[in-house]
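Computed from a predicted model, the values in this text were never measured in an experiment. FYI, side chains are in, hydrogens and waters are out, and symmetry mates aren't considered; it's all heavy atoms of this structure.
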Amino acid sequence: MSTEAVPRTVRIAGVLTTLQAVAGLVFVVALLFRGTATLDGVGEFGPTQTYGEAGYFTLLSAGVLAAGIGMLRGKHWARTPALLMQLMLLGTAWYAFGPSGQPLIGTVLAVPAIAVLYFMFNREGRRWSYYGNAAPDADRES
């Protein structure tokens, strides 16, 4: 398998990861709206803390977006950040299922995370990852 050929499963994982980043950016917009609106009883955070939270999620979403686009373009560096994000989302989904008692939110978080992990760890994804660091003239097994 050539290092230039990006398997379909890796591209699908890249699309899912990019969509997760877009969802994170939508959440940032909602936080910014919440910070500027004068809504009573929305939460315990004031505008300053809400802007800080929005800044944190902006950085996080930008990193996930970079990883998703990197996987779509076949960049091997993007695999690790995308996998780490999926593991973090699985932990968040577990908390939503269990202690928070929010199974719908847990499902929305867990299903795409499990799908990305499957697509990255199936045969084609592992082969693509394995040959990512090989020298261009290295002998490859079929």
Side-chain angles (χ1 to χ4, degrees), residues 1-136 138 140-142:
M1 171 178 264
S2 170
T3 57
E4 292 82 22
V6 181
R8 180 174 179 233
T9 59
V10 174
R11 291 192 190 272
I12 293 170
V15 168
L16 290 173
T17 303
T18 302
L19 290 175
Q20 289 170 333
V22 169
L25 292 173
V26 168
F27 178 66
V28 167
V29 170
L31 284 173
L32 292 174
F33 176 74
R34 177 179 144 185
T36 59
T38 56
L39 302 174
D40 294 331
V42 174
E44 298 177 10
F45 287 160
T48 305
Q49 291 91 352
T50 303
Y51 293 144
E53 185 180 6
Y56 169 76
F57 282 108
T58 299
L59 292 174
L60 187 64
S61 297
V64 175
L65 183 63
I69 292 171
M71 286 195 326
L72 283 171
R73 299 179 74 197
K75 305 296 182 187
H76 290 274
W77 60 264
R79 185 175 191 264
T80 300
L83 291 176
L84 287 173
M85 179 52 60
Q86 304 316 312
L87 293 175
M88 288 172 45
L89 284 172
L90 280 178
T92 305
W94 173 84
Y95 185 81
F97 276 120
S100 288
Q102 300 288 329
L104 179 62
I105 293 173
T107 302
V108 168
L109 293 173
V111 168
I114 291 169
V116 170
L117 290 172
Y118 168 76
F119 288 132
M120 294 304 290
F121 283 109
N122 68 5
R123 182 177 306 196
E124 293 83 18
R126 286 191 325 264
R127 185 177 300 145
W128 174 77
S129 173
Y130 177 72
Y131 288 125
N133 296 326
R140 298 199 173 120
E141 298 174 19
S142 295

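No side-chain heavy atom of Thr36 sits under 4.5 Å from any side-chain heavy atom of Thr50. Annotation: side chain of Met120 is in contact with side chain of Met71 (closest heavy-atom distance under 4.5 Å). Contact check for Val6 versus Arg73: no side-chain heavy atoms found under the 4.5 Å cut-off.
The two residues Ala67 and Ala82 come nearest to each other via the heavy atoms CB-N, 4.1 Å. Looking at every heavy atom in both residues, Val64 comes nearest to Thr17 through CG1-O, 3.6 Å. Of all heavy-atom pairs between Ala113 and Leu89, the closest is CB-CB, 4.2 Å. Closest approach of Leu109 to Ala93, counting heavy atoms only: CB-CB, 3.9 Å. Closest heavy-atom contact between Pro103 and Phe97: O-CE2, 3.5 Å. Shortest non-hydrogen contact noted between Trp128 and His76 is O-CE1, 2.8 Å.
Applying the side chain to side chain contact (heavy atoms under 4.5 Å, CB included) rule to Leu32 yields the partners Val28, Tyr51, Ala54; only residues at least two apart in sequence or on another chain are considered. Annotation: ring-ring contact (aromatic ring centres under 6.0 Å, His included) contacts of Phe57 (sequence neighbours excluded): Phe27.
Within 6.0 Å of CH2 in Trp77 there are more than 12 heavy atoms belonging to other residues, nucleotides or ligands.
One distance of note links CD of Gln102 with OG1 of Thr107; it measures 11.0 Å at 0.5 Å rounding. Taken to the nearest 0.5 Å, the CG atom of Leu31 stands 12.5 Å off from the OH atom of Tyr56. In this structure, Leu65 CG and Thr58 OG1 are separated by 11.5 Å, a value rounded to the nearest 0.5 Å. The OG1 atom of Thr18 sits 11.5 Å away from atom CZ of Arg11, with the distance rounded to the nearest 0.5 Å.
A cation-pi geometry, defined here as NZ or CZ lying under 6.0 Å from the six-membered ring centre and within 45° of its normal, holds between Arg79 and Phe121.
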Requested in this report: Under the side chain to side chain contact (heavy atoms under 4.5 Å, CB included) rule, what do Ile69 and Lys75 come out as? Steps first, then yes or no, please.
Outcome: CA-CA 9 Å; Ile69 292 171; Lys75 305 296 182 187; over 6 Å; no
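Not one N or O on the side chain of Ser129 forms a donor-acceptor pair closer than 3.5 Å with the backbone of Gly125.
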